[in-house]
Amino acid sequence: MKKVTLDNTCAEIATFAADGSLATEHHVMIHVTNNRLLFAEQLKAIDDTLTQLLEGELKGAKTVFKRYFLSDAYNQSGLVMSLELDYSDYALSVIQQPPLDGTKIAVWAYLLTDVETRALPSGLYEATHGSYRHLWNASAHNLAKNSEYQTRLLLNEYVVQLTKEGCSLADNCIRTWFFVNDVDNNYPGVVKARNQVFFTQNLTDDTHFIASTGIGGRQAEPRVLSQMDNYAIDGLQTGQIHYLYATDRLNRTSDYGVSFERGTRVDYGDRRHVFISGTASINNKGEIMHPGDVAAQTRHMWGNVEALLAEAGCTYDDVMQMIVYLRDIADYATVRQLYDERFPDKPRVIVLAPVCRSGWLVEMECMAVKRQENPQFAPF
């Protein structure tokens, strides 16, 4: 990881460098270092930092996906959207999940070189390189009457969007994120709708599900109870997607009534992508491990993620970014120290976001990239 420190920000950059004309990948986490700045000043500092990176260390790269983590979406989203009016060819996620370092904003950006990006008529955002079209979307929402109806409508609309691009939910969607306003009360509705829509799309325990994170988060409009980000790939061949289970440490999510994969790997001719879903302190019977002890839960969670990575032929060395979710702000100092000690060189952000089961105090997700030679598949 490379750190770039400016007057009021610190950018953590993980890069997978490719050979020749192949795309290079960057994951960037940008943090504000002066929490006394007004929100508008913190936002400008973040934007200036990414602009400088694109003119310097990341020259030649294009933003494909960007997520803002906000402390107060009601008062901050408008300024973010006004700033982002100038940028129209990547997926933009804006969610209230306060950074726990005491600042008002943090940003995760995913960038690629040697790609063409554009907004599609379907509403998805495309990044094209070689044989593949990478289809991103973010901040999808509606105002149906409850979380179940909102989620059903979100997924049905996404199915239509994918169909317009010659894709399907079952064959092409790799990753989803569901941000649930008041997750303790509204997550069951999200689960019910997802299970029902997935069944109609032939996503079952006998076929497969999709890597996902379902987590607390809200936007400026309080009536939005479920917001979705997603990622799909067009151009994949049979055998490029594999699902991760780590059954010695984890059970199938369907055992307790939900429908997502613990992790997914995608193989290309030149590299492997690994997407680890939101993972908590759980055993292979679906039981919460170490209730009430955030440090012990963190360590057990790490072991679960490590097992999923190992099943994909990867280790933590291959991880490019981490997002850590905490239920209780009082646990931040403990968890940050643990991460600082074990993962001092990984781009990450720790945010306030309750996990979907109240006994889980901490959850993490991550993405990894590893160099591979798979001559049967086209390179990334």
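Y187 and I282 fall within the same hydrophobic cluster, where Ile, Leu, Val, Met, Phe, Trp and Tyr residues are linked whenever their side-chain heavy atoms come under 4.5 Å apart, directly or through other members. I105 and Y332 sit in two unconnected hydrophobic clusters of ILVMFWY residues. Membership requires side-chain heavy atoms under 4.5 Å apart, directly or through other members. Under a hydrophobic-cluster definition in which Ile, Leu, Val, Met, Phe, Trp and Tyr are linked whenever side-chain heavy atoms come within less than 4.5 Å, directly or via other members, L38 and V107 are assigned to different clusters. Neither V80 nor V351 shares a network with the other; the hydrophobic side chains, linked directly or stepwise wherever heavy atoms of I, L, V, M, F, W or Y lie under 4.5 Å apart, form separate groups for each. Taken together through direct or relayed side-chain contacts under 4.5 Å among Ile, Leu, Val, Met, Phe, Trp and Tyr, I174 and Y132 form part of one hydrophobic cluster.
No side-chain donor-acceptor contact under 3.5 Å links Q76 and Y68. Between the side chains of T103 and D101, at least one donor N or O sits under 3.5 Å from an acceptor N or O. Residues E221 and H141 bring no donor and acceptor atom of their side chains to less than 3.5 Å of each other. With 3.5 Å as the limit, one finds a donor-acceptor pair spanning the side chains of S93 and D229.
Taking the ring centroids of H134 and F380, they lie under the 6.0 Å cut-off. For F65 and Y110, the ring centers sit 6.0 Å or farther from each other.
For the side-chain hydrogen bond (donor to acceptor under 3.5 Å, both in side chains) test with D267, the passing option among H273, R272, Q240 is R272; the others fail. Checking each of Y231, Y125, Y158, Y90 against W136 for a ring pair (Phe, Tyr, Trp, His ring centres under 6.0 Å) leaves exactly one that passes, namely Y231.
Among all heavy-atom pairs drawn from V94 and S139, the shortest one is N-OG, 3.1 Å. The minimum heavy-atom distance between N8 and A45, with the atom names listed, is CB-CB, 4.3 Å. Closest approach of L308 to A246, counting heavy atoms only: CD2-CB, 3.7 Å. The nearest pair of heavy atoms linking G102 to N35 is O-CB, 3.4 Å. Across A127 and T117, no two heavy atoms sit closer than the pair CB-CG2, 4.1 Å. Closest of all the heavy-atom pairs between S122 and Q161 is O-NE2, 3.0 Å.
Checked by atom type and distance alone, the side chain of Q96 never pairs as donor or acceptor with a backbone atom of R218 at under 3.5 Å. Between the side chain of N202 and the backbone N or O of T207 there is no donor-acceptor pair closer than 3.5 Å. Side-chain atoms of D47 do not come within 3.5 Å of backbone N or O of L43 as any donor-acceptor pair. The main-chain N or O of Q42 is never found under 3.5 Å from a side-chain atom of K104 such that the two would form a donor-acceptor pair. With hydrogens and angles ignored, the 3.5 Å screen pairs a side-chain donor or acceptor of T113 with a backbone N or O of T24. In terms of modelled atom types and a separation under 3.5 Å, the side chain of E12 and the main chain of R348 share a donor-acceptor contact. For the pair R194 (side chain) and L155 (backbone), a donor-acceptor distance under 3.5 Å is absent. With N374 contributing its side chain and Y268 its backbone, the two residues share a donor-acceptor pair below 3.5 Å. Of the possible donor and acceptor atoms, none in the side chain of Q219 sits under 3.5 Å from a partner among the backbone N and O of S77. Judged by distance alone, with hydrogens and angles left aside, the side-chain atoms of T15 form no donor-acceptor pair with the main-chain N or O of A17 at under 3.5 Å.
A search for ring-ring contact (aromatic ring centres under 6.0 Å, His included) contacts involving Y243 returns H208, not counting sequence neighbours. Partners of T176 according to the side-chain contact (heavy atoms from CB on, under 4.5 Å) rule, which considers only residues two or more places apart in sequence or in another chain, are C173, F178, I210, S212, N230.
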Practice task
Apply the test side chain to side chain contact (heavy atoms under 4.5 Å, CB included) to residues E25 and L112: give CA-CA distance (whole Å), side-chain angles for both, the deciding distance (0.1 Å), then the verdict.
Solution key: CA-CA 5 Å; E25 304 181 51; L112 295 171; 3.3 Å; yes

Exercise for the section: Using the salt bridge (charged side-chain N to carboxylate O under 4.0 Å, His left out) rule, take E311 and R262 through it: C-alpha gap first, then chi angles, then the decisive distance, then the call. Expected result: CA-CA 11 Å; E311 195 169 295; R262 299 293 187 185; over 6 Å; no

Exercise for the section: Begin from the C-alpha positions of E165 and N172 and carry the test side chain to side chain contact (heavy atoms under 4.5 Å, CB included) through to its verdict. Expected result: CA-CA 10 Å; E165 300 303 329; N172 301 95; over 6 Å; no

Practice task
Could you walk me through whether V224 and N181 pass the side chain to side chain contact (heavy atoms under 4.5 Å, CB included) test, one step at a time?
Solution key: CA-CA 7 Å; V224 175; N181 188 353; 6.0 Å; no

Exercise for the section: Would you sort out whether L83 and K44 count as a side chain to side chain contact (heavy atoms under 4.5 Å, CB included), showing the intermediate values? Expected result: CA-CA 9 Å; L83 174 72; K44 184 177 187 303; over 6 Å; no

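Counted within 6.0 Å of CG on D248, heavy atoms from surrounding residues, nucleotides or ligands total more than 12; the atom is thus considered enclosed. Around NZ of K370, the count of heavy atoms belonging to other residues, nucleotides or ligands within 6.0 Å exceeds 12. Residue Q337 qualifies as open at atom CD: its count of foreign heavy atoms under 6.0 Å is 12 or below. Other residues, nucleotides and ligands contribute more than 12 heavy atoms inside 6.0 Å of the CD atom of Q376. At most 12 non-hydrogen atoms from other residues, nucleotides or ligands lie less than 6.0 angstrom from NZ of K192. Other residues, nucleotides and ligands contribute at most 12 non-hydrogen atoms within 6.0 Å of the CZ atom of R336. Applying the 6.0 Å contact sphere to CZ of R223 captures no more than 12 heavy atoms from other residues, nucleotides or ligands. Other residues, nucleotides and ligands place no more than 12 heavy atoms under 6.0 Å from the CD atom of E116.
Proximity of F198 to F260: side-chain heavy atoms (C-beta onward) are nowhere separated by under 4.5 Å. Side-chain contact between V324 and Y339 is present, with at least one heavy-atom pair separated by less than 4.5 Å. Residues V159 and T200 have side chains not in contact (no heavy-atom distance under 4.5 Å, counting atoms from C-beta outward). Residues H242 and L244 fail the side-chain proximity criterion, which asks for heavy atoms closer than 4.5 Å. Under the 4.5 Å side-chain criterion, counting only non-hydrogen atoms from C-beta, V349 is in contact with H31. Counting only heavy atoms from C-beta outward, the side chains of T264 and I241 approach each other to under 4.5 Å. Looking only at side-chain heavy atoms (C-beta outward), K285 and D255 stay at 4.5 Å or farther from each other. In this structure, Y316 and E306 have side chains that are in contact, with non-hydrogen atoms separated by less than 4.5 Å.
Here the CD1-CD1 distance, from I323 to I215, works out to 10.0 Å after rounding to the nearest 0.5 Å. Interatomic distance, CG of N142 versus CG of L154, reported as 5.0 Å (0.5 Å rounding).
Salt bridge annotation for D318-R271: absent, with no cationic side-chain nitrogen under 4.0 angstrom from a carboxylate oxygen.
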For residues 359-367, please give each side-chain donor-acceptor pair under 3.5 Å, one per line with the distance, not counting sequence neighbours.
residue: W360; atom: NE1; partner: S281; partner atom: O; Å: 3.2
residue: E365; atom: OE1; partner: R175; partner atom: NH2; Å: 3.4
residue: E365; atom: OE1; partner: W177; partner atom: NE1; Å: 3.3
residue: E365; atom: OE1; partner: T213; partner atom: OG1; Å: 2.8
residue: E365; atom: OE1; partner: Y325; partner atom: OH; Å: 2.8
residue: E365; atom: OE2; partner: R175; partner atom: NH2; Å: 3.4
residue: E365; atom: OE2; partner: W177; partner atom: NE1; Å: 2.9

